[in-house]
Amino acid sequence: MSQEPTSNFIRTIINEDLEGRKCDQVITRFPPEPNGYLHIGHAKSICLNFGLASEYNGRCNLRFDDTNPTKEEDEYVEAIKEDVKWLGFDWGEQPLFASDYFEQLYQWALKLIAKGKAYVDSQNAEEMRVNRGTLTQAGTASPYRERSVEENLQLFEKMKNGDFPDGAHILRAKIDMAAPNMNLRDPAMYRILHARHHRTGDTWKIYPMYDFAHGQEDSIEGVTHSICTLEFEDHRPLYEWFLNELEIFTPKQIEFARLNLSYTVMSKRKLLQLVNEKHVEGWDDPRMPTVSAMRRRGYPAAAIRSFCERIGVGRNASWIDLSVLEDCVREQLNESAFRRQAVLDPLKVTITNYPDDKVEELEAPNHPQQPELGTRRVPFSNELWVDRDDFLEEPPKKFFRLGPGREVRLRNGYIIKCDEIIKDASGEVVELKCSADFDTLGQNPVGRKVKGIIHWVSARHARKVPVRIYDRLFNQENPDKAENYLTAMNPDSLQLTEALVEPSLLEAKAGETFQFERVGYFTVDTKDSQVGQPVFNRTVTLRDAWAKLKK
RNA sequence: UGGGGCGUCGCCAAGCGGUAAGGCACCAGAUUUUGAUUCUGGCAUUCGCAGGUUCGAUCCCUGCCGCCCCAGCCA
């Protein structure tokens, strides 16, 4: 279905660079920090960076920006690799790490000190903050700003050797304390951190700041187009300052607007809080906006890719409605998911003219539009379950399901007519007595049209399976607008229930997705299912024109 | 009230001086043993507002207005 990708400003820039011979290949990179799981916003960046690289026959590096050992873990590295791979992208032999460049970065810091472009500051964090000035007031120089090169070198050496506690000193670039761009007011380059790094262990006592690392990492890797989000636009002059002072290759940075999805939060800090405080069951809880959660929920990777293509890329602060993502999921699943029948809210139907001891195995296609996908057998008997909302005692005009005296087709089966309604003492309908027209299997009756079709399952043969009905995690379009986003959580985001399913579903394997006809797509949970005992996650509902009509 | 961005249909988004692509949503109709899918057709005399330049402006200039980002030893 992927037609000519629509033009966007990044492709335009790349085309110009290629034509103007500013570069002769395209090298991009996806640089996550391994401090959390990837979310759908990262997926946008992944699809962009890897997509562009493959479009232009270039390369995209997966590089972990692991410059802050206090927040990074191997667990995240592994999870991120799995997610990128699952999304369908290939980063070549091995992923890269910022920590691979620690020695080089250190040498470059030395070079800047030697050039008189960096100094060791001994103010504490609070003093630095105050002296940085404000948006409208210039900062004031640190009393340590004019230390000699020799002294700076000595102090930095000691910082590196671990002679000082965290926070005692810091290496700063000497740029301009009055710069209107705050990033240029002598930004921090290296801080002391006595922390064990997930890859370099205890080798380093000082770690580079992101701003002193990122541009150089891209430079080392020969990244031609360094694509990042808008908030880094103000940092670009700083990166270019470092690159110029260091006299090394300057990649072209291009910024785009990050993704905002309605009814969800996207900051890793908040996602981590949801996990840590057990508001959800983990990073891959199917309600989370993470890639791993979507995978577990049953979203196909292709749906996420098509979503990223569909939303495009620009510089506007855009808000995408969750329904766009869900629609991409339907688009993919409609193609691939096998059809099955399942009843979530059962109402008993007895076929009065069908022998009590008779069972038929009706043949039903796995996919009505793709006969090559084969068929399965569905048992039929005189006692069935149908869904409660397929019956109305007083049907409104446009309702063409079951009602007193009404006919309806049983999906893949006979047409039946509702002859009698049985109620319990409280007046609730508990059973329908119906008669079947046995001339309607696989063919329409002559002389009348039966428009309604409902799904069903043979009571005697049905199997009960646990089902989880998921809904949006938040009730507010933009949870960040709430005083505290946690108060915007949807208390009904998870409903545990059961479904009565046709027997073939018991053999469903973990990760498989089915369409429960007329209901939605359901995926066998990969964590909680046992062989022969699937647990289903509702991936997404089907579009429902009737629900819309009702309103 | 410093700096950096952004404003094109309900939501995204092309367009880069020659007279408004596309997708989604929506509406109408057709097909349909899923009220699903599919298929047809409709859907911005107008590009935040006001001036200006020009034969001609969404595209250039000026001024307003609105929104986003920046004052971590986070990334």
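All chains are named by letter (A, B, ...) in the order of the sequence lines, taking the proteins before the strands, and each is independently numbered beginning at 1. Computed from a prediction, not measured in an experiment: that's the story for all the values here.
- Note on Arg339(A): a base of the nucleic acid sits closer than 4.0 angstrom, heavy atoms only.
- With distances taken from any side-chain atom of Glu33(A) to the nucleotides C73(B), U34(B), C74(B), the minimum falls on C74(B).
- Here the side chains of Leu62(A) and Pro32(A) are in contact, with some heavy-atom distance below 4.5 Å.
- For Thr12(A) and G15(B), the shortest distance from a side-chain N or O to OP1 or OP2 is below 4.0 Å.
- Annotation: side chain of His235(A) is not in contact with side chain of Gln253(A) (no heavy-atom distance under 4.5 Å).
- Here Pro31(A) lies out of heavy-atom contact (under 4.0 Å) with every strand.
- At the heavy-atom level, Ala545(A) lies under 4.0 Å from the strands shown only through sugar-phosphate atoms.
- Closest-nucleotide positions on RNA chain B for Val519(A) and Asp211(A) were compared, and the one nearer the 5' end corresponds to Val519(A).
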Footprint string (nucleotides 67-72 of chain B, 5' to 3'): B base within contact, S backbone only, - free, heavy atoms under 4.0 Å: --BBBS

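- Among the nucleotides A13(B), G4(B), G35(B), the one closest to any side-chain atom of Trp546(A) is G35(B).
- Here Val313(A) lies in heavy-atom contact (under 4.0 Å) with sugar-phosphate atoms only.
- Residue Arg518(A) places its side chain closer to G35(B) than to any other of C12(B), G35(B), C6(B).
- Within the 4.0 angstrom heavy-atom criterion, no nucleotide atom of any strand lies near Gln370(A).
- Dashed line: the shortest gap from a side-chain N or O of Arg63(A) to OP1 or OP2 of A75(B) is not under 4.0 Å.
- With sequence neighbours left out, Glu360(A) forms a side-chain hydrogen bond (donor to acceptor under 3.5 Å, both in side chains) with Tyr354(A), Tyr414(A).
- Each of A13(B), U34(B), A75(B) was ranked by its minimum atom distance to the side chain of Glu517(A); first place goes to U34(B).
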Secondary structure string for RNA chain B (Watson-Crick or G-U under 3.5 angstrom, | for other-strand pairs): .(((((((.[[[..)..(...]]].(((((.......))))).....[[[[[..)....]]]]])))))).....

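- Residues passing the ring-ring contact (aromatic ring centres under 6.0 Å, His included) test with Tyr207(A), sequence neighbours excluded: Phe102(A), His197(A).
- Base engagement by Asn412(A) is indicated by at least one non-hydrogen atom pair under 4.0 Å involving a base atom.
- If you measure from atom CG of Asp186(A) to atom P of C73(B), you get 12 Å, rounded to the nearest angstrom.
- At a threshold of 4.0 angstrom between heavy atoms, the contacts of Gly139(A) with the nucleic acid are absent.
- The CD1 atom of Ile311(A) sits 12 Å away from the P atom of A14(B) (whole-angstrom rounding).
- In this structure, Ser7(A) reaches the G15(B) phosphate: one of its side-chain N or O atoms is under 4.0 Å from OP1 or OP2.
- For the pair Asp100(A) and Arg63(A), the salt-bridge criterion is not met [side-chain N within less than 4.0 Å of a carboxylate O].
- No hydrogens or angles were tested; on distance alone, a donor-acceptor pair under 3.5 Å links the side chain of Gln515(A) to the base of U34(B).
- Contacts of Asp166(A) with the nucleic acid, taken as non-hydrogen atoms under 4.0 Å apart, are absent.
- With salt bridges taken as basic N to acidic carboxylate O contacts below 4.0 Å, none links Lys160(A) and Glu157(A).
- Regarding Asp218(A), its CG atom lies at a distance of 15 Å from the P atom of A75(B), rounded to whole Å.
- Looking at heavy-atom distances under 4.0 Å, Gly314(A) makes contact with sugar-phosphate atoms alone, never a base.
- Summarising the geometry, the separation between CZ on Phe338(A) and P on U34(B) is reported as 19 Å, rounded to the nearest angstrom.
- If you check every strand for non-hydrogen atoms under 4.0 Å, Gln137(A) touches nothing.
- Using bins of under 30°, 30° to 60° and over 60° for the plane-to-plane angle, the ring pair Phe522(A)/Phe536(A) lands in the perpendicular bin.
- Across the protein-nucleic acid pair, Asn366(A) atom CG and A36(B) atom P stand 22 Å apart, rounded to whole Å.
- Side chains of Tyr521(A) and Tyr299(A) form no contact here, defined as non-hydrogen atoms less than 4.5 Å apart.
- Closest-nucleotide positions on RNA chain B for Thr67(A) and His367(A) were compared, and the one nearer the 5' end corresponds to His367(A).
- Atom name C1', nucleotides G35(B) and C43(B): the rounded distance is 24 Å, in whole Å.
- A centroid separation of 6.0 Å or more is found between the aromatic rings of Phe212(A) and Trp108(A).
- Taking 4.5 Å as the limit, every side-chain heavy atom of Asn260(A) sits out of range of all side-chain heavy atoms of Met266(A).
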Protein proximity profile, nucleotides 24-32 of chain B - base contact B, sugar-phosphate-only contact S, no contact -, cut-off 4.0 Å on heavy atoms: SSS------

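- Taking 4.0 angstrom as the limit, Arg236(A) places none of its side-chain polar atoms (N or O) nearer than this to OP1 or OP2 of G5(B).
- Between Val386(A) and Val408(A) the shortest side-chain heavy-atom distance does not fall below 4.5 Å.
- Under the rule for a ring-ring contact (aromatic ring centres under 6.0 Å, His included), Phe307(A) has no partner lying at least two apart in sequence or in another chain.
- In summary, of the residues considered (Arg376(A), Gln341(A), His455(A)), a side chain to side chain donor-acceptor pair (under 3.5 Å) with Glu502(A) occurs for Arg376(A) alone.
- A syn orientation is assigned to G72(B), its glycosidic angle lying within 90° of 0.
- Atom-to-atom, CG of Leu271(A) to P of A75(B) comes out at 19 Å; the value is rounded to the nearest Å.
- In this structure, of G35(B), C6(B), C73(B), it is C6(B) that holds the atom nearest to the side chain of Arg315(A).
- Distance CZ (Arg11(A)) to P (A13(B)): 13 Å, rounded to an integer number of Å.
- Contact annotation for Tyr190(A): no contact, since no heavy-atom pair falls under 4.0 Å across all strands.
- Checked against C73(B), U34(B), G5(B), the side chain of Ile453(A) finds its nearest nucleotide in U34(B).
- Under 4.0 Å is where a charged nitrogen must lie from a carboxylate oxygen, and between Glu72(A) and Arg199(A) no such pair does.
- One atom, CD1 of Ile10(A), and another, P of A13(B), lie 11 Å apart when rounded to the nearest Å.
- Between the P atoms of C68(B) and C60(B), the separation comes to 25 Å (whole Å).
- Residue Leu441(A) is classed as a base contact, given a heavy-atom separation below 4.0 Å to a base.
- A salt bridge links Arg236(A) to Glu255(A): at least one charged side-chain nitrogen sits closer than 4.0 Å to a carboxylate oxygen.
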